Amino acid sequence: MKLDRNASIVILTGAGISKESGLDTFRDEGGVWSKVRIEDVATPDAYIANPDRVHEFYNMRRAAVLDDSLHPNAAHAALAELEQHWPGNVLVVTQNVDDLHERAGSENLIHMHGELLKSRCTACGDISDCRQDLSVNSVCDACHATGTVRPHIVWFGEMPMQMDDIHDALADAGLFISIGTSGNVYPAAGFVDVVRVAGTGQTVELNLEPSSGATHFDDSRYGPATEIVPAFVRTLLENA
């Protein structure tokens with residue numbers, strides 16, 4: 001692939017990249033949504049109806065991210081290397097709520113679906129680091145309200161974060177790369193079409209297998225993320 005060395009690159013990552021570090025995906029067979037109903041733990045209505053259950057679910061997921069056995073993998077490391085060495089701008093937009101990209105060294109990063117290791121107060125809007133269990137008795141450090149602290153997660157029915165920034169980056173991208181996504185979750189599944197309509201960039205899918213939107217991409221590579229992502233990054237940097 002030939003790409004101008006000053007071109008901006010936007011990378012979308014999904015659960016498939018974190019799966020190889022040991023975190024469950026969501027929509028695969030045996031994934032998170034096969035074990036628990038979205039309606040029970042991942043919507044504003046679920047939180048209103050049973051906040052204890054929602055907190056329990058996210059406390060469990062937060063503990064998995066904080067487990068000492070969890071580490072970034074070669075795909076995370078390759079994207080951090082690309083950001084460090086590519087002459088143009090590199091932005092990672094992730095659907096993942098873990099911190100594996102940060103641990104690998106990525107800095108220009110948008111968590112469009114929120115972050116497990118942060119909490120948000122519904123009373124004052126304060127966003128804080130969170131590495132402990134939350135409950136209906138949690139107290140906001142900023143305004144000291146009780147029972148207003150929720151996971152800093154985008155639930156179904158809520159607007160993903162920083163969408164204006166993401167669309168601006170996509171419209172200017174010389175290359176859009178989608179990694180480890182099912183192609184079923186919007187608006188992320190539509191990012192490739194934003195780039196196609198803009199007509200300014202190439203599009204590539206790097207995935208374990210073809211996604212639902214695979215035919216929308218100019219190019220594709222399939223296999224484990226820990227193999228195909230480092231190989232693709234090496235090719236980009238060598239050609240630059």
Side-chain angles (χ1 to χ4, degrees), residues 7-19 23-28 31-33 37-39 41-47 54 58 61 75-76 79 83 89-102 106 108-116 118 120 125 127 150-220 225 229:
S8 62
I9 300 174
V10 178
I11 303 159
L12 172 69
T13 65
I17 195 171
S18 293
K19 181 179 182 180
L23 290 177
D24 285 341
T25 58
F26 288 84
R27 296 178 181 275
D28 289 346
V32 173
W33 300 138
R37 295 197 325 150
I38 291 171
E39 297 86 350
V41 296
T43 68
D45 287 344
Y47 187 62
V54 173
Y58 285 99
R61 294 192 60 206
H76 295 106
L79 297 184
E83 180 184 334
N89 186 65
V90 176
L91 171 67
V92 174
V93 178
T94 186
Q95 296 172 280
N96 299 332
V97 294
D98 58 64
D99 66 339
L100 292 175
H101 282 300
E102 288 93 335
S106 290
N108 194 19
L109 180 67
I110 292 176
H111 280 273
M112 63 178 295
H113 290 166
E115 301 176 63
L116 267 175
K118 290 185 178 180
R120 183 168 78 249
I127 299 171
R150 56 162 279 183
H152 186 50
I153 297 293
V154 175
W155 288 325
F156 288 87
E158 295 181 328
M159 180 64 68
M161 299 177 184
Q162 294 183 247
M163 287 303 299
D164 288 344
D165 295 333
I166 294 170
H167 276 279
D168 287 345
L170 291 169
D172 190 47
L175 175 64
F176 171 67
I177 310 170
S178 177
I179 303 172
T181 68
S182 66
N184 290 315
V185 179
Y186 284 84
F191 288 174
V192 62
D193 294 317
V194 174
V195 178
R196 291 176 70 193
V197 169
T200 58
Q202 304 175 66
T203 59
V204 179
E205 176 170 82
L206 306 180
N207 218 356
L208 187 61
E209 57 189 20
S211 72
S212 297
T215 58
H216 294 201
F217 290 86
D218 300 321
D219 194 7
S220 58
V229 174

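As the structure is a prediction and not an experimental result, all values here were calculated from the model.
- Atom CZ in F156 sits 13.5 Å away from atom CG in D45 (nearest 0.5 Å).
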Pairs of donor and acceptor atoms involving the side chains of residues 160-180, under 3.5 Å and at least two apart or interchain, shall be tabulated with distances.
unit_1: Q162; atom_1: NE2; unit_2: D165; atom_2: OD2; d: 3.2
unit_1: S178; atom_1: OG; unit_2: T181; atom_2: OG1; d: 3.1

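- At least one side-chain heavy atom of I38 sits under 4.5 Å from a side-chain heavy atom of T43.
- Contact record, S106 with E83: CA-OE1, 3.5 Å, taken as the closest heavy-atom pair.
- Here the closest heavy-atom approach between residue V41 and residue W155 is recorded as O-NE1, 4.1 Å.
- When all heavy atoms are compared, the tightest approach of G183 to S212 is O-CB, 3.7 Å.
- In this structure, H111 NE2 and K118 NZ are separated by 7.5 Å, a value rounded to the nearest 0.5 Å.
- Closest of all the heavy-atom pairs between N207 and S211 is ND2-CB, 3.7 Å.
- Counting heavy atoms from C-beta outward, V10 and F191 have side chains that stay 4.5 Å or more apart.
- To the nearest 0.5 angstrom, H152 atom NE2 is 12.5 Å from H113 atom NE2.
- Listed here is the closest heavy atom pair of Y58 and L116: CD2-CD2, 3.8 Å.
- Applying the side chain to side chain donor-acceptor pair (under 3.5 Å) criterion to D98, with sequence neighbours excluded, gives S18.
- By the 4.5 Å heavy-atom criterion applied to side chains, D99 and E115 are not counted as neighbours.
- Residues Q202 and D219 form no side-chain contact, since every pair of their non-hydrogen atoms from C-beta on lies 4.5 Å or further apart.
- Atom-to-atom distance recorded for I11:CD1 and L79:CG is 4.5 Å, nearest 0.5 angstrom.
- To the nearest 0.5 angstrom, L12 atom CG is 7.5 Å from T94 atom OG1.
- Distance CG/L109 to CG/N96: 10.0 Å, rounded to 0.5 Å.
- Pairing each heavy atom of G14 with each of Q95, the nearest pair is CA-OE1, 3.8 Å.
- With contacts defined as side-chain heavy-atom distances shorter than 4.5 Å, the pair H101/I17 qualifies.
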Show the numbers, then the answer: is there a side chain to side chain contact (heavy atoms under 4.5 Å, CB included) between V97 and R61?
CA-CA 10 Å; V97 294; R61 294 192 60 206; 3.4 Å; yes

Are R150 and E158 close enough, and set up right, to give a salt bridge (charged side-chain N to carboxylate O under 4.0 Å, His left out), and what steps lead you there?
CA-CA 14 Å; R150 56 162 279 183; E158 295 181 328; 2.9 Å; yes

